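None of the values given here were measured: they were computed from a predicted structure. Protein chains get the first letters and strands the later ones, always in sequence-line order, with residue 1 at the start of each.
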Amino acid sequence: MSTVDALLRDLNPAQRAAVQTIHGPVLVLAGAGTGKTRTITYRITYLLRKGIPPAHILALTFTNKAAQEMRERVHALSGRATRDMQISTFHSFGLRILREHARAAGLHPHFSIYDTNDQLTLVKKALRGISVSWKKFRAEEILAAMQAARSPDSDQLILPPRDALETTVIQSVWERYRAALRAANAVDFEDLLQLPLRLFTCEPRIRKQYREQFTHILVDEYQDTNLLQFKLLYELAREHRNICVVGDDDQSIYGWRGAEVRNILDFERHFPGATLVRLEETYRSTAIILDAANAVIHRNSARKEKRLWTARKGGLSIRCLVAADELSEAELVVADLLDRRAKRNLPYSACAILLRMNTHTRPFEEVLRRYRVPYVVVGGTQFYDRKEIRDFLAYLRVLVNPQDDEALLRIINVPPRGIGETTVERLAAHAAQTGRPLYECLATPPTDHVQPAAARSLVFLHHFLEDFRRGLPKEQPAALARALWNALDYRKELETSARTTEEITNRLANVEALLEAIATYERRSSQPSLEDYLQFITLLRNDDDEELEDGKVPVMTIHASKGLEFSCVYLACCDQGILPHAKSVALPGGLEEERRLFYVAMTRARDELTISYPRTRVRYGQVEPRHPSEFLKDIPAHLLEWHHNADQEQPSEEETASYLARLRSALR
DNA sequence: TGAGTTGAGGTTTTT
DNA sequence: CCTCAACTCA
């Protein structure tokens, strides 16, 4: 038997069809737990066995974690090095194209990538620049509106009709925002997709190059792609049409940030003659959990019909724990979790607590700590958002791209070197007037406007940075970064500004970790450079390896749980108004997306699903009665066991005390 | 430059 | 009510 046959024997008939149909467009509708990743990795391996050169394969994912996992699994299955295959996120792929054609895209090759933080700073500055009573306009809202209104094909905003003043403000912030990015030789995350798309549509030679290179395209989590991502794919695939997209419209939960469910619903219209494969056999959940989830999701209208089934018969009933209030809900859940864990001898990491909002973690953390249960809140404060890390990365950014004004402004007086606000303002005004980047103005400060002492500091800073810039071409990134760190008096600055010694040690350790990360990067990369590292690190913001450790109960939002599975799932805070969230329900299509969210949460569970909600909730200082989520009504009654434990359980003394205190303050 | 005050807002988040 | 950010004053 050939190796190809051996490969196919591992798959069920639907998966096999998805793997073997390598010519023409394929839409794989992959329900929760149906072996989606397996199918993709087998398909890539199959392509390789059929003689498709690795360099012709493009596999796109949404997150770095997914890309990494896919790469590892392809390597393990095929035995081939994945180096030559483009298995990456959409954004990394866009970055790669931009780096290969920076000039054509109007960028200097050492461009910076501005993250959300940098974007917000730019918007705030723009808001100050236009003299509206900017108290009325929050930067976050303006940024969100700009993001939502970006046209995929041009630099223009397509603003929905709204208040005239708002329109003017957003429009003018947008123009300033674009100008600032251009001046800084920087791009934002959207640009990483949009500029390549523009290259494809405006430069036939570039389009041809990539069309010929990537003859076989795979896309994971297709339901999460936005319009821009679709257009990019379409440009690449419209001729050879060897594109296979895998996704599940029922798990589309990112509509609020631009994901287009229509992309998956309309795939067969975009690519006529597409082969449709439905993966409906689930290997994850018990029949009971699956039946309940199916019953819920079937109430949605705009969806591709599918019915998941499993060979796993029966299973434990779904339970709904009704608690007196939020704290007792956490107590019920944690107590139950410990009980189930002990009975079934599960690791802590097999029992997850899923929540609608990040703010809901608090009572759970409190109780978990009290019971001394090891836990991890997935998606908390991120390493790269720490001040000392951002500061140091800003130094590196200035070295690599001296036009990066945002980075320079961040570190111009950090550690303090006598460059005050006024000096910075005058320098910025001078730069704006002469149309030069800030960095250049450091060397020749406007002496008539800036105090001599401050001017000397500016010149000194310029010398200091230039020294390191000169080292850039010859020195290795890690050594250069280390030398820079040692030369900065940041360490001393930390020692004076930090409150506790613990904080100092912690922050120093963070920077050490960063320097170590650069060294690791340098060892792994074939052609290490700081510019490469910085671009790479901006797209890799979270410490995936730190999360989901063994031996810790994962606590996370439902959004964060997508793609994961746990033996035992606690879906908490299922009261009407939270799930579905009142704010979402008000949006068009909002209730259906909330239902999908509920569906995603349910289908994370392999063996046991426990739902809970509090009968009262303290909101904005008021004790409010709560009602069960409307989604619970859609779970067939015979699959759901209600536990009104709250009534029988004697609340602890401190519980009663805190409840009474809250009641009192609410009545005041 | 940092602690204290004021005021608004209170959903989900990767790249 | 609590949190976070922005502003104020010493």
Please check the phosphate of [N] (OP1 and OP2 only) for any side-chain N or O of [X] closer than 4.0 Å.
{"X": "A:Lys583", "N": "B:dG10", "value": "yes"}
{"X": "A:Asn358", "N": "B:dT13", "value": "yes"}
{"X": "A:Thr557", "N": "B:dT13", "value": "yes"}
{"X": "A:Lys562", "N": "B:dT13", "value": "no"}
{"X": "A:Asn64", "N": "B:dT14", "value": "no"}

Q: Give A:Asn413 one of three labels, base, sugar-phosphate or nothing, depending on what nucleic acid heavy atoms sit under 4.0 Å from its own.
A: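 Touches sugar-phosphate only.
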
Minimum-distance nucleotide to [X] side chain [options: [options]]:
{"X": "A:Tyr254", "options": "B:dT11, B:dT13, B:dT15", "result": "B:dT13"}
{"X": "A:His91", "options": "B:dT11, B:dT15, B:dT1", "result": "B:dT15"}
{"X": "A:Arg362", "options": "C:dC1, B:dT13, C:dC2", "result": "C:dC2"}
{"X": "A:His559", "options": "B:dT15, B:dT13, C:dT3", "result": "B:dT13"}

Distance, rounded to the nearest Å, where [X] contributes [atom1] and [N] contributes [atom2]:
{"X": "A:His360", "N": "B:dT13", "atom1": "NE2", "atom2": "P", "value": "12 Å"}
{"X": "A:Arg596", "N": "B:dT11", "atom1": "CZ", "atom2": "P", "value": "20 Å"}
{"X": "A:Glu594", "N": "B:dT12", "atom1": "CD", "atom2": "P", "value": "11 Å"}
{"X": "A:Asp115", "N": "B:dT14", "atom1": "CG", "atom2": "P", "value": "12 Å"}

Q) Salt bridge between A:Lys231 and A:Glu235, side-chain N to carboxylate O under 4.0 Å? A)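 The answer is no: the pair does not qualify as a salt bridge.
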
(Q) So that I can tick it off, tell me whether A:Asp191 and A:Arg150 are bridged by a salt bridge, with the cut-off set at under 4.0 angstrom between side-chain N and carboxylate O. (A) yes

Q) Just wondering, do A:His581 and B:dT11 stack (centres under 5.5 Å, planes under 30°)? A) yes

Q | Aromatic stack A:Phe62/B:dT14: centroid gap under 5.5 Å, interplanar angle under 30° | A |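 No, A:Phe62 does not stack on the base of B:dT14.
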
Q. Does A:Arg595 count as lying over the ring of A:Phe598, i.e. NZ or CZ under 6.0 Å from the six-ring centre, within 45 degrees of the axis?
A.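 That pair does not qualify as a cation-pi contact.
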
Q.
Between A:Phe214 and A:Phe93, is the ring centroid distance below 6.0 Å?
A. yes

Q. Taking N and O atoms by type only, does the side chain of A:Thr116 place a donor or acceptor under 3.5 Å from a partner on the base of B:dT15?
A. yes

(Q) Would the base of B:dT11 count as contacting A:Ser584 through its side chain, where contact means a donor and an acceptor less than 3.5 Å apart? (A)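 Looking at the base of B:dT11, it does pair with a donor or acceptor on the side chain of A:Ser584 (distance under 3.5 Å).
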
Q | Given DNA chain B, 5'-ward residue of the pair A:Thr538 and A:Glu141, judged by closest heavy atom | A |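 Counting from the 5' end, the first nearest nucleotide belongs to A:Glu141.
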
Q: With rounding to the nearest 0.5 Å, note down the distance linking SG in A:Cys573 to CD1 in A:Ile611.
A: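 Separation between the atoms: 12.5 Å.
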
